[in-house]
Structure formats: structure tokens, C-alpha cells
Amino acid sequence: MSSTLVKEPSAQGGDTKTKLTLTPVPIIDSPVSKSLALARPVLLLSVLWLRFGSLVAEPVSTLQLALPVVALIQTAYAITCLPVAGSQTAKVSKKPRPGEKKKVDANGPNAISTAILALLLTAIATPAVYILFVLFGAPFLDHVAHTLLCSAHFSLLALFPIFYSRGINGDSCCCSWCFCSSGRNVWWAGWRRGGGLVRSGSYSVGLG
């Protein structure tokens, strides 16, 4: 789930430091947004179910063909269901009259351009995800195409909604990294107890 950043002032007197916390980004309150938010996991799982045989037989070509489909589903989900990064700070042009809808300033963020920028940032982040996969046990010289395509899919599913709804300001990225670091410590403790079976088993399933 995508998250947004909240700064809380320190309770100590005279201390100007802020505390970074993560809060969930709410789904846009409309019937279409709520319906698509529920349908998105079904669509993604349907693509996996329909192409699972091909994924096992020819993983590279199957992942290549599925990549634009996943990108289309994620883009439609972000534009329809998630608020654009910076939309919380968009100014209302005029005070609405009773019964009149609020009009947002035209200079506010645009959903289409933000989605395109988020896709570009996702493509740029894919090599970094690939390096992380290698550091966590993926082959360095073998199955390069497999790991790279898996990194692209992971970036679309995990990073694209964050880029779209939160942007790339330093505070939010720092807070996300702290959150991932705490999760990484839990994963590493479980890996040590499991003797590495979880990591090797999950990678073999990912490669088919």
C-alpha cells in the first residue's frame, strides 16, 4: 500500500527536530476508484493464472509480454484510485458557495504527466532493484534476463504507486528507507533461523 509522509513536532521544549512517520494514502472516495482498487488484484492474479504455463516453459518471453499489461493495470489504478503527489497542497481557487463543488487551482499537479514521470522513475529504479536482487542471492552472470525482467515487474508493482502518490522528496525517501530497513532486519533474522531455505526456495519459484 502506498503511504504518505507526516511530520510531527518533538514533544521536548525548544527542540526543532521533526519525527517522520508513515500514514496510508487513502483511496479516492468514489465508486469507480473503490471498484478498481478491488478489481486490480483480481486482474493481476488472472494474468498470472492465464500465463502460468508459458511462464514456466518460456519465462523471458512471457515476462516481456506481460510487462506492458502490468504497466497498463498499474497506471489505470494510480490515476483512478490514488491522489497525485502534491495534490494535498493544491490551493482552492475560490470559496465554494453552498451546494457548489470545490474547484482546484489549474496549476495543481496533473495526473497524466505525473503517471508518465512515475513510469520513467520506475524504469530508472529498475537497475537498482536488479542489484538488490543480486545482493540477496540472484545469479550475477547467469539468468540476467530473468532477473532483470523480475526487477522490472517488482518496480512496477511496488515502486510506481509510491512515485505517483508521494513523489521523491528527501524526507519521504528517508522515511521509506527506514521502514524497509526495519523489515530487512526481520527478514534477515528469519533467514538465519531457516538456514537459507526461504531465500533459495523463493528464487527457484520466481524463475519457474
Please check this pair: side chain of S54 against backbone of T62, looking for a donor-acceptor N/O pair closer than 3.5 Å.
no
Is there a continuous path of hydrophobic side-chain contacts, each under 4.5 Å between heavy atoms, that joins L121 to F154?
yes
Do S33 side-chain atoms and T80 backbone N/O form a donor-acceptor pair below 3.5 Å?
yes
In one Ile/Leu/Val/Met/Phe/Trp/Tyr side-chain cluster, 4.5 Å: L149, F52:
yes
Following the transitive rule for hydrophobic clusters with a side-chain heavy-atom cut-off under 4.5 Å over Ile, Leu, Val, Met, Phe, Trp and Tyr, establish whether L119 and I162 coincide in one cluster.
no
Can you check whether I112 reaches I79 side chain to side chain, under 4.5 Å on heavy atoms?
yes
If I compare all heavy atoms of C81 with all of A37, which pair ends up nearest, and what's the gap?
SG-N, 3.7 Å
P26 to P83 - nearest heavy-atom pair and separation:
O-CD, 3.5 Å
Atom pair CZ/OG1 of F163 and T114 - distance to nearest 0.5 Å
13.5 Å
Atom CG in L48, atom CG in L55: separation rounded to 0.5 Å?
7.0 Å
V47 and L157: same hydrophobic cluster, using ILVMFWY side-chain contacts below 4.5 Å?
yes
List the atom pairs, donor and acceptor, that lie under 3.5 Å between side-chain atoms in residues 63-74 and the rest of the protein, sequence neighbours left out.
| from | atom 1 | to | atom 2 | distance (Å) |
| --- | --- | --- | --- | --- |
| Q74 | OE1 | R40 | NH1 | 2.7 |
| Q74 | NE2 | L156 | O | 3.0 |

Find the distance between CZ (R166) and CG (L159) and round it off to the nearest 0.5 Å.
11.5 Å
For the residue pair Y164 and F160, does the interplanar ring angle fall in the parallel (under 30°), tilted (30 to 60°) or perpendicular (over 60°) class?
tilted
Can F140 be reached from V144 by stepping across I, L, V, M, F, W or Y side chains whose heavy atoms are under 4.5 Å apart?
yes
F133 and C150: which non-hydrogen atoms are nearest, and at how many Å?
CE2-SG, 3.7 Å
Working to the nearest 0.5 Å, report the span between CG of L117 and OG1 of T122.
9.0 Å
Roughly how far, to the nearest 0.5 Å, is CH2 of W49 from CG of L44?
15.5 Å
Residue pair I27, L82: steps toward the side-chain contact (heavy atoms from CB on, under 4.5 Å) verdict
CA-CA 6 Å; I27 300 295; L82 298 179; 4.0 Å; yes
